[in-house]
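The structure appears right after this line, and notes come after that.
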Amino acid sequence: MRIIPLSGETRENILNNLLKRSPNNYSEYEQTVNKIVKRVREEGDRALFEYTRAFDKFELSEKNIRVTSEEIRAAYEKLDPALVEVLRKSAENIRSFHVKQLRNSWFDTREDGTILGMKLTPISRAGVYVPGGKAAYPSSVLMNVIPAKVAGVESIVMTTPPGPDGSINPGTLAAAHIAGVDTIYKAGGAQAIAALAFGTNSIPRVDKITGPGNIFVALAKKAVYGYVSIDSIAGPSEILVLADETANPRYVAADLLSQAEHDELASAILITTSTQLAQEVSRQVDGFLERLSRREIIQKSLDSYGYILVADTMEDAVSAANEIASEHLEILTKNPFDIMTRIRNAGAIFLGEYASEPLGDYFAGPNHILPTNGTARFFSPVNVDDFVKKTSIISYSREALEKVHRNIEIFAESEGLTAHANSIKVRFEATEEGGSFA
């Protein structure tokens with residue numbers, strides 16, 4: 001990996017390079033995606049079936065679009081029982097973590113008859129998109145579905161692209177069953193996102209769509225946002241490791257490569273205060289590459305978006321990490337908890353040499369669906385709140401409103417909204433005219 005001194009100029013250049021990977025920069029595909037979305041919205045199943053035939057080479061119909069209980073049972077039979085047990089353990093860890101995020105409706109009452117509060121209600125129907133083929137990740141099924149189940153969503157439907165024979169990845173089906181998906185549909189790509197957003201005869205319309213996908217899926221989610229809610233428009237995966245001279249270079253190298261293997265656009269960055277560590281990590285990376293199965297993808301990722309940055313001070317390193325706002329941030333320093341208090345922007349933070357990024361991907365419990373491309377500056381991981389609506393509750397007695405009605409009228413009149421002011425004024429006009437309410 002290239003080793004570069006950290007400076008204001010190099011930091012700016014790297015930020016600009018990383019931002020090139022954002023889905024917002026793939027406008028050349030938007031016209032194609034918008035056409036697909038429009039056709040599915042207007043033609044429903046007909047367009048959905050035609051696109052599935054064209055892209056997935058499967059003759060989809062109303063009769064075979066839903067995954068059957070027999071297909072789910074067959075999926076379990078194809079899987080190693082040890083993997084099934086791991087899926088169940090992981091699901092329990094994810095559920096336990098997300099249960100702690102639950103909040104209740106609340107109400108604040110006062111003696112004058114004022115009642116203010118917030119009513120929390122789960123959304124009615126959630127749609128989960130799951131990639132197929134080589135990009136099938138059962139772990140993402142668990143991470144998308146379980147927070148929705150914990151939130152109390154009434155119906156969770158899932159779409160995933162079928163193979164040419166109509167089959168679905170068995171790990172995906174088992175994970176969906178363990179997580180509690182209600183219905184699984186054989187549909188993928190931008191057409192599946194459109195079907196979830198607008199509904200067809202076969203697939204019901206949902207209130208929110210979550211889940212990863214390729215650039216076409218990401219742009220389709222962007223196109224339907226506003227008709228439904230979405231989790232985010234996710235970009236390629238990324239990791240940033242903050243390390244000092246106490247870090248184990250072999251661990252650092254292995255962790256950087258764990259993200260670089262996702263795809264050629266993935267980013268892997270080390271920021272360290274130790275030149276010696278930087279050099280040793282680079283050497284360890286070269287050694288690992290000789291035997292890793294996805295070395296071609298990893299090499300392209302590192303060539304384009306891999307960096308080892310040597311900072312003068314840990315303060316400079318932390319400042320750069322906050323600007324990059326990485327999806328995954330590992331802190332491998334003498335006192336990682338101290339460094340953690342200075343981090344403002346990261347999707348997930350991993351502390352210490354035994355909390356490597358794959359622990360979060362698969363098993364620990366916190367959600368691995370995280371903000372990418374610097375959006376950790378203002379976005380959060382998928383969580384229970386993503387599947388809950390908040391409704392404000394307001395109730396005033398006559399006594400409570402009488403104390404403040406002139407304030408409201410003055411405010412409304414200052415904005416030129418005399419009907420707003422009148423809506424308050426009419427409730428006290430008899431009193432102000434010297435009369436009384438009988």
Side-chain angles (χ1 to χ4, degrees), residues 8 11-27 30 97-98 100-101 103 118 120 123 126 128-129 140 143-144 147-148 151 193 207-213 215 217-242 259 262 265-269 271 305 315-331 339-351 357 360-361 366-392:
R11 182 160 58 184
E12 188 66 26
N13 290 339
I14 289 168
L15 284 169
N16 289 334
N17 190 40
L18 294 177
L19 288 174
K20 293 176 184 177
R21 306 172 310 132
S22 170
N24 292 321
N25 291 328
Y26 289 85
S27 57
E30 284 190 301
F97 179 85
H98 287 81
K100 293 178 175 65
Q101 299 173 356
R103 293 189 288 174
M118 188 72 71
L120 275 63
I123 63 175
V128 176
Y129 183 86
S140 288
M143 295 290 183
N144 277 282
I193 299 298
D207 302 307
K208 182 159 191 168
I209 302 172
T210 66
I215 188 62
V217 170
L219 291 175
K221 288 168 72 175
K222 180 180 178 181
V224 302
Y225 177 63
Y227 297 100
V228 294
S229 179
I230 63 172
D231 50 354
S232 66
I233 304 170
S237 189
E238 55 202 28
I239 187 171
L240 190 151
V241 178
L242 270 180
Q259 289 306 292
H262 269 293
L265 294 176
S267 169
I269 298 174
I271 305 180
Y305 304 107
E315 287 72 24
D316 290 342
V318 169
S319 176
N322 279 324
E323 282 198 58
I324 293 170
S326 185
E327 177 188 17
H328 307 98
L329 173 64
E330 289 188 6
I331 303 177
I339 301 297
M340 180 268 293
T341 63
R342 293 182 256 164
I343 297 297
R344 297 181 58 87
N345 304 323
I349 300 175
F350 301 79
L351 301 172
E357 188 277 336
D361 266 359
N367 212 290
H368 78 197
I369 303 168
L370 305 167
T372 59
N373 280 109
T375 60
R377 292 179 294 113
F378 44 82
F379 279 147
S380 305
V382 166
N383 60 84
V384 169
D385 280 352
D386 285 313
F387 300 95
V388 173
K389 300 184 289 103
K390 302 175 182 70
T391 305
S392 300

How long is the gap from [atom1] on [X] to [atom2] on [Y], to the nearest 0.5 Å?
X	Y	atom1	atom2	result
Ile233	Tyr225	CD1	OH	9.0 Å
Ser140	Asp361	OG	CG	8.0 Å
Tyr227	Ile209	OH	CD1	13.0 Å
Ile271	Ile269	CD1	CD1	6.5 Å
Tyr129	Thr210	OH	OG1	12.5 Å
Asp386	Gln101	CG	CD	9.0 Å

Please check if the side chain of [X] supplies one atom and the backbone of [Y] the other of a donor-acceptor pair under 3.5 Å.
X	Y	answer
Asn367	Met143	yes
His328	Glu238	yes
Ser267	Tyr305	yes
Lys208	Asp231	no
Asp207	Ala126	no
Thr372	Gly235	yes
Asn345	Asn322	yes
Lys221	Ser229	no

Do [X] and [Y] come within less than 4.5 Å of each other through their side chains, counting heavy atoms only?
X	Y	value
His368	Glu327	no
Ser380	Leu370	no
Val318	Asp316	no
Val388	Ile123	no

Where do [X] and [Y] come nearest, in terms of heavy atoms and distance?
X	Y	result
Ala325	Ala376	O-CB, 3.7 Å
Pro381	Pro371	N-CD, 4.0 Å
Ser326	Leu240	OG-N, 3.4 Å
Ile339	Leu242	CG2-CD1, 4.0 Å
Ala321	Ile343	CB-CD1, 4.4 Å
Glu357	Glu330	N-OE2, 2.8 Å

Practice task
Could you walk me through whether Glu30 and Lys222 pass the salt bridge (charged side-chain N to carboxylate O under 4.0 Å, His left out) test, one step at a time?
Solution key: CA-CA 10 Å; Glu30 284 190 301; Lys222 180 180 178 181; 3.4 Å; yes

Is a donor from one side chain sitting under 3.5 angstrom from an acceptor on the other, for Ser319 and Arg11? yes

**Asked** More than 12 foreign heavy atoms under 6.0 Å from CZ of Arg344: is that the case here?
**Response**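 Incorrect, the count does not exceed 12.
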
Looking at Glu315 and Arg342, is there a salt bridge between them, counting it only when a charged N and a carboxylate O are closer than 4.0 Å?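 Result for this pair is yes, salt bridge flagged.
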
